[in-house]
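In what follows, a structure is listed as structure tokens, so that the remarks can point back to it.
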Amino acid sequence: MTFPTLNFPVIAPQIVLVAAALIILLADLMVANKRILGWISLIAVIGALAAVFVCRSDSAAFPLALGGPSGPGTMALADGLGLFASAAVLIAAGLAILLAIERVGDFSRFEKPGSEKKQARSGDHPIAEAPGPQVTDRAGAYYALLLLATAGMTAMATASDLMTIFIALEIFSLALYILVGFNRRDLRSGEAALKYFLLGAFASGFFLYGIALIYAATGTTSLEAILHNIQPMSISLPFRPLLPVGMGLLLVGFGFKLALVPFHMWTPDAYQGAPTPVTAFMSVATKAAAFAALIRVLAAVASYDRPWLLALAALAVLTMTLGNLAALRQTSLKRMLAYSSIAHAGYLLIGLAAGNQLGVEGALYYLLAYTFMNLGAFAVLLAVQRRDENDVTGDRILGLAGRQPLLAALMAVLMFSLAGIPPLAGFFGKLYVFSGAVEAGLAWLAIVGVLNSALGAYYYLRVTILMFMAEPAESDQEISSGKVETLQPGWAVMTTVVLAVLGTIVLGLWQWPWTQTIAQAVSTLALR
Amino acid sequence: MVPISYYLILSAILFTVGVVGVLIRRNVLIIFMSVEMMLNAVNLTFAALALHFLSLNGQIFVLMAMVVAAAEVAVGLAIVMTVVRHKDTTNIEDVNLLKG
């Protein structure tokens with residue numbers, strides 16, 4: 001019996017993240033100032049990002065993590081694709097932590113259960129003097145869960161075995177279920193968590209059954225071995241017909257996680273009910289991890305065959321169209337962005353449906369662009385939402401430009417990028433995936449995508465118009481005249497927004513380093 | 001010896017029962033049990049395939065899936081509890097603040 005060899009550099013980011021999460025859980029018991037925990041987790045994320053880059057330079061020397069030499073038994077693979085998606089996830093995690101550092105108390109503090117009851121009872125028993133409600137701050141748990149979710153996502157991005165993909169998926173899903181329901185005082189947070197959990201667990205069942213059927217069909221769960229075994233004449237496989245069934249079930253599971261229509265029912269509810277920093281994080285990081293895994297699975301199991309690509313194209317059309325149409329009629333900006341993120345999953349899927357070099361490269365570029373612009377947009381929502389709320393309606397941003405010109409201008413840039421207006425990153429992302437579709441002979445898909453972008457531009461530009469051309473709403477005029485508590489976004493929230501906007505602009509204007517990295521990442525994949 | 005296909009068919013039936021349970025029942029806890037049933041149906045598939053391929057991998061997957069299911073129970077019941085504390089109901093239709 002051979003002892004499995006561990007290649008530590010490949011799993012270094014996960015080691016850093018999990019270790020930091022455990023340290024934070026311990027430190028949470030000793031540290032009174034919870035902000036320190038935020039800085040520790042930010043350092044951990046930066047450390048993990050550094051580890052990703054170190055792996056990158058050594059990726060030729062250390063292509064494998066677990067299980068001996070190249071081939072079956074490899075559980076994780078630090079190739080270009082995995083490292084690129086890991087980097088996107090880590091950037092999202094870093095920005096989400098920075099975003100939460102000032103505002104985490106809004107949703108992590110709650111009165112100890114029981115202390116309320118004592119107060120209520122104190123009327124009946126005047127002798128037992130009730131103590132004031134004891135406030136507990138669970139900010140430490142927030143940071144620890146965020147780091148664990150990030151560890152799961154980076155693991156999913158680098159996984160090269162269906163079982164690793166499943167375990168990683170569950171690691172980050174479980175952490176996200178808790179994060180979505182983190183605000184215990186707000187029933188909507190709990191409801192969002194309940195819906196997300198039930199549908200997520202349901203999807204996990206499909207995902208696992210898909211893996212089981214693929215295992216039945218091919219006798220292995222290693223993506224590399226699957227690709228080898230399904231070649232004609234390699235070995236006899238009595239259950240070979242189960243392969244497409246398994247792939248279909250796997251696609252359903254991915255569809256739930258990526259919020260593709262018709263598996264998107266949980267998305268608007270979960271995104272709206274979750275605390276805003278959590279929404280910002282999960283809307284981008286989950287997609288980066290799951291898309292990386294989907295790209296790998298498609299290459300191994302479906303070998304980018306025509307019928308599967310057409311199925312993806314159909315999903316993309318549904319996802320874009322329904323996402324955009326539903327976003328049009330939202331009054332809550334958070335819910336609007338939730339539907340818009342569904343639509344963006346559709347654009348990303350176009351790149352995969354094209355199945356060629358250009359399309360997948362475009363999808364990866366879009367993924368990074370989307371990370372910056374969507375996270376930035378949610379950060380702006382956090383900046384304008386009050387401490388006691390968890391949502392932003394359209395009239396809150398009326399005339400924002402008059403009160404907070406910088407914030408309004410930054411939001412406008414993000415909206416332009418989401419709408420796909422050159423020269424911002426969102427435009428080039430769409431350009432790449434659409435040209436990938438045209439190159440693959442799916443011109444109709446590109447046309448549907450362009451039409452959908454026009455539809456999307458309507459509600460993104462409406463936000464801009466509301467900010468710059470409308471008078472403040474009645475309730476907010478008092479705020480601008482200084483009568484009511486002002487809505488000053490803290491410096492950390494502003495820094496996050498500025499970083500996100502910078503990312504959007506830099507990615508758009510200064511392309512070659514990114515496109516080159518992506519081209520290298522994609523070149524090792526077996527595409528059409 | 002029972003042929004492998006019997007196991008696969010049985011687990012497919014169990015899985016379908018779980019799916020139908022999730023779709024038609026309205027009690028959160030029953031939905032939850034149906035999800036667990038789906039996962040256990042998959043476990044049966046894995047165990048049967050481990051015998052069929054004479055490899056340990058399938059059995060290891062069963063253990064992994066069981067760990068995942070246990071973790072899911074821990075998180076899921078906690079979430080159900082937070083909602084029940086607010087609303088005192090386990091009917092999914094009554095939990096309807098978010099819509100649109």
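Naming: A, B, ... by sequence-line order, numbering from 1 per chain.
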Evaluate side chain to side chain contact (heavy atoms under 4.5 Å, CB included) for B:V28 paired with A:L194, printing each intermediate quantity in order. CA-CA 9 Å; B:V28 174; A:L194 184 65; 3.9 Å; yes
Can you tell which part of A:F197 gets under 4.5 Å to a heavy atom of chain B, answering side chain, backbone, both or neither? side chain
Look at A:G190, A:G273, A:G219 and state which one has the largest set of heavy-atom pairs under 4.5 Å with chain B. A:G219
Can you tell me which of B:G58, B:A74, B:S5, B:A48 forms the most heavy-atom pairs within a distance under 4.5 Å of chain A? B:G58
Checked B:T82, B:V75, B:T45 vs chain A; the most non-hydrogen pairs under 4.5 Å come from B:V75
Measure distances from A:E191 to the heavy atoms of chain B and classify the residue's part below 4.5 Å as side chain, backbone, both or neither. both
Partner chain B: residue of A:A193, A:S189, A:G200 with the largest heavy-atom pair count (under 4.5 Å): A:A193
Which distance, rounded to the nearest 0.5 Å, do you find between the CG of A:L242 and the CG of B:L8? 7.0 Å
Any B:I4 side-chain heavy atom under 4.5 Å of A:F239 side chain: yes
Near A:R138 CZ, under 6.0 Å, is it more than 12 heavy atoms from other residues, nucleotides or ligands? yes
Testing the basics here: between B:A71 and A:L174, what is the closest heavy-atom pair and its distance to 0.1 Å? CB-CD1, 3.5 Å
Counting only heavy atoms not in B:F53, do more than 12 fall under 6.0 Å of its CZ? yes
Reported CD-to-CD distance for the pair A:E170 and B:E72, which is rounded to 0.5 angstrom: 4.5 Å
Measure A:T221 against the heavy atoms of chain B and call it side chain, backbone, both or neither at under 4.5 Å. side chain
Okay, B:L54 and chain A: the region with an atom under 4.5 Å from a heavy atom over there is neither
Contacting moiety of A:I171, where chain B heavy atoms sit under 4.5 Å: neither
What part of B:V95 gets within 4.5 angstrom of chain A, counting heavy atoms only: side chain, backbone, both, or neither? both
Enter the distance from B:F61:CZ to A:L162:CG here, rounded to the nearest 0.5 Å. 8.5 Å
Mind listing the closest non-hydrogen atom pair of A:R185 and B:H86 along with its distance? O-CE1, 3.6 Å
Heavy-atom pairs under 4.5 Å with chain A - which of B:V80, B:V19, B:I92 has more of them than the others? B:V19
Side-chain donor/acceptor of A:Y215 to backbone N/O of B:F46, under 3.5 Å: no
Bottom line for A:A192: the part with an atom under 4.5 Å from chain B's heavy atoms is both
So, the part of A:I167 with a heavy atom under 4.5 Å from chain B: the answer is side chain
So which bits of residues 205-213 of chain A come within less than 4.5 Å of chain B, counting non-hydrogen atoms only? A:G205, A:F206, A:L208, A:Y209, A:I211, A:A212
How about CE on B:M33, more than 12 heavy atoms from neighbouring residues, nucleotides or ligands closer than 6.0 Å, or not? no
Side chain / backbone / both / neither for B:S11 at chain A, heavy atoms under 4.5 Å: both
Separation between CG (B:N57) and OG (A:S222), nearest 0.5 Å, reads 10.0 Å
Tell me, do A:F202 and B:I31 make a side-chain contact under 4.5 Å, heavy atoms counted? no
